[in-house]
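Quick notes on the structure that follows.
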Amino acid sequence: MARRSRKFRLRRLLWIGVPLAAALAGITALALYALHLDHIVTEQFKGRRWTLPAQVFAAPLELYAGAPLSMSDLTQELARLQYRPSVTLDRPGTYRLADTRIDIALRATRFADEVRPAQILSVVAGASAIQTLKDSHGADLPILRLDPLLIGSIFPSHGEDRIIVTPAEVPPLLPAALKAVEDRKFDTHYGVDPHAVARALWVNLRSRQIAQGGSTLTQQLVKSYFLDSRQTAGRKFQEAIMAIALEAHFSKADLMNAYINEIYLGQDGDRAVHGFGLASQFYFGKPLAEIDLAELSLLVALVRGPSYYDPRRHAQRALARRNLVLKLMTDLKVIRPEDAASAAARPLGVTSRGAGAYYPAYLDFVRRTLRRDYRETDLTQEGLKIYTSLEPRAQDAAEQTLDRELTRLERTRKPVNAALDGAIVITAPASGDVIAIVGGRRVGYSGFNRALDAARPMGSLVKPFVYLTALETHRYTLASIVQDAPVDIRLPNGTHWRPVNFTRQVYGAVPLVRALAESMNLATVAVGMDVGVTNVAQTLQRFGLERAPAQVPALLLGAVNATPIEVAQLYTGLANGGYRTPLRAVRTVISATGEPLRAFALELTPIAEPDVVYGVDQMMQQVMERGTGRPARAILPADLVVLGKSGTTSDLRDSWFGGFSGSHLEIVWVGYDDNRPTGFTGSAAALSVWARVLADLGTSSWSAPMPDSLNEISIDYLTGLQVESGCTDKDAISIAVPPSTLLPKQPGCPAATTPGVLQRLGERLRAIIHQ
Amino acid sequence: MMRISVLVVIIVMLSACGALARSERPSNPPAESGSAEPQAPAAPSAPSTPTPAAPTRQFHLGSAATALVAQAHARAAAGDYPAATATLERALRIEPDNPLAWIELGQVQLAAGNAPQADNMAHKALALASGDPNAQASAWRLIAESLRARNRNQEASLASARADGLAPR
């Protein structure tokens, strides 16, 4: 009996004890688990450091009296920056246009070197230039920059991109709207909202699918910030505990701001758009602080499903959901019914993708430049701000012209399977600033970047360096007679190289200047063999060619591969009076807090004597006046002085044109990616692109003072004979030569010198001298 | 003979006019009248001062560049050479053919301890300053300073002498 009762007691103990112990263990485990989650939440959230991709900015447009900008240039730039017309001009980001005057309410802006507060600016612009620039008190301003356009960011491979906003930058209506639509009890709950969960459960059971989340904003934040997107019961539990832990440690205002910066709101290729700051830029192209009620409602609508309600792909759905958001806000008296009604009548107002600030080819160059100095994680996580030389105006013009011209050119040829493609690089040669890069015809597509990666034979673009090497020997001048005659060079392997002229003709004795202007192959080989292939190769390297070219005679006709950006570097020395300036896309990098980190300052390296470069430049001017570049004259403004050189490779596989004005250097390549013949020469395809882009840029004439070591004389372009003062010769050109140069004179020149016609003669002479 | 020499004189004059007209055209924005170059270094240029070579032009910085140069001077005085450089590069983008802008940039380079760059910029300025003895003299003075900074005193004296020959102090 006693045994029995003991057994009984034991059993009773087990009956009560085991569950009790289990419950205790469970509670302990749960508590430990909760503590663990609490630790994660506080530790990870306390610093609240999002990995911030580096932001990349274009060059700000400089405004000053005399700046070559028309009113339409100005309004286009303001449109790019998403400034809106406004009669009252009552907030930053607006402008008011009245005839030739425009008043602009500038946003507060961070430049690389300073922060500019918001301010009002008045500009009077004429047909082609700014006339006056005044502040809000009517005082003249010497110079002022518009905002630098955000052109992209360098986001990590997992693709999260965001722009962090502070509470001050958030429209007060946004938190109110989020609460109205997503979480009405946000201000009072402890992280979870049992009522909402019950309601959601009920709805879900009835519809037999997960239709309602019932998650609080805090839970959504937890899910996005700490967890991945799988939906399981266990995850829900974890999410709830973490939400409660977050609420215990952080204020509601903190959590709301974190939510606004964290939440996923759209997809752009590889790039995930997080936070309302970036979403505002991504959908409307302007800062969050400037969005109106309709725009704000659309962003709030997107929280529930950025892909399902994508306003660019599913405009109807997006519109319906936006108007639902407006209705919910009205119901909760967050906004007045009349405001909701007028906002609901508005279109979605999203910018079209690809319009405005999206330049993957240029960003590609920026990224490559910075990779030399920064680790990938610095670029994708540290919130750096990168200020570049990109000029959106030039970039847009170049992109549009390339596509338009290639389409036109294709129509003139038999249809081929592949699409003709091309690349453009535009720089400011004096500073080395790269102001535009077009990597191909499909500009919004970040694929093969021909401007940086298509290494193709330079063809005749190499010739200026052959002639420069010749002038450096001081045995040649622009008027030196060279022989354009059949060439037969025995190569070390026993074969013979017998180049021909493009025209298959032989020109005989011609002056050096004409040989370059008309891109004569035979004369060039004769000159190049005389001065030495090795020296020509060294010249190319001096001008910035990084790989040593193969030292074969064919180098003289451009058997050396270069990408458009490399050619741009080579031509910089020609455009810059014999100084090399490293091409640079990035001017300055500053930290997230505004500390300057790295400046890529302008540097000059002398690489050729100014008088030699001046001579080559004069020859390249004749390319445009009388040689292979002449067709550009029909496209360019009549009085614009530009210099250039055409390039074509064998079988017309590559069509090149490279050249410069006073303020711009432009390299154009046109061809097929598979290297098939184009049927276009340099002066047909690339030249028409080159000239049209340059004409659109509103560029200035090339002009350089003649070095004091040279004399200006006049020669006959065809024969190289000196044209005596007083002679009229329609082919006379003015060239600069060393003072010691003695030239054979043109025979028999009847000079009409009766005093009565002296005046007229003078006019004519001037015309000749300055042809 | 007489006729020919008259003609030569006319041609020279006409071509000088042409050169002048052409030199006027560079992208310099119209300098406001009366905005002499207060920032231009060592350029006390009274037109009456006799100069060895007949000046064919005189460079000025436009009002925008002048304002930027003033800002750059303030930044350089505060020891912030990168910011001063960035500001001068803005001026240079507006007037890339103006030797005075290059000289300003070279002076900041020199102050920042980069004498070789100062030298290169001064030579670049010199090439652009053709026809303007005052600007040429400023360029030579910068060359002299950059040489002196590298203890190349003999060459520096020669450069100074060239400056003084162009535009006596």
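None of the values given here were measured: they were computed from a predicted structure. In what follows, chains carry the letters A, B, and so on, assigned in the order in which the sequence lines appear, proteins first and then strands, with residues in each chain numbered from 1. Values below: every heavy atom of this structure, side chains too, minus hydrogens, waters and symmetry copies.
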Check your understanding: Looking just at side-chain N and O atoms, do A/Thr605 and A/Arg580 make a donor-acceptor pair shorter than 3.5 Å?
Key -> no

Check your understanding: Would you say the side chains of A/Thr109 and A/Arg145 form a donor-acceptor pair under 3.5 Å?
Key -> no

Review point. Using 4.0 Å as the upper bound for N to carboxylate O, is an ion pair formed by A/Glu114 and B/Arg75?
Key: yes

Study note, to complete from the structure: Among A/Asp433, A/Leu63, A/Leu133, A/Thr699, the residue with the most heavy-atom pairs under 4.5 Å to chain B is A/Asp433

Review point. With a 3.5 Å cut-off and no angle check, do the side chains of A/Thr581 and A/Thr572 form a donor-acceptor pair?
Key: no

Practice item. Decide, yes or no, whether a salt bridge links B/Arg152 with B/Asp119 under the criterion of side-chain N to carboxylate O below 4.0 Å. Key: no

Check your understanding: With chain A, which of B/His123, B/Gln109, B/Arg93, B/Met121 has the greatest number of heavy-atom pairs at distances under 4.5 Å?
Key -> B/Arg93

Practice item. Please report the shortest heavy-atom distance between A/Leu146 and A/Pro60, naming the atom on each side. Key: O-CB, 3.1 Å

Practice item. Taking all non-hydrogen atoms of both residues into account, name the closest pair between A/Ala112 and A/Ile590 and its distance. Key: O-CG2, 3.6 Å

**Study point:** A/Asp617 side-chain N/O to A/Ala575 backbone N/O, donor-acceptor pair under 3.5 Å
**Key:** no

Review point. Looking only at heavy atoms, which of residues 594-603 of chain A get nearer than 4.5 Å to chain B?
Key: A/Ala601, A/Leu602, A/Glu603

**Study point:** Pick from A/Ile143, A/Leu604, A/Leu144 with the largest number of heavy-atom pairs that fall under 4.5 Å of chain B
**Key:** A/Leu604

Review point. Are B/Arg141 and B/Glu145 ion-paired here, with the side-chain N under 4.0 Å from a carboxylate O?
Key: no

Check your understanding: Of the backbone (N, CA, C, O) and the side chain (C-beta and beyond), which part of A/Asp708 lies under 4.5 Å from a heavy atom of chain B, both, or neither?
Key -> side chain

**Study point:** Contacting moiety of A/Asn576, where chain B heavy atoms sit under 4.5 Å
**Key:** both

Practice item. Return the option, out of B/Leu126, B/Leu128, B/Thr85, with the maximum number of heavy-atom pairs under 4.5 Å with chain A. Key: B/Leu128

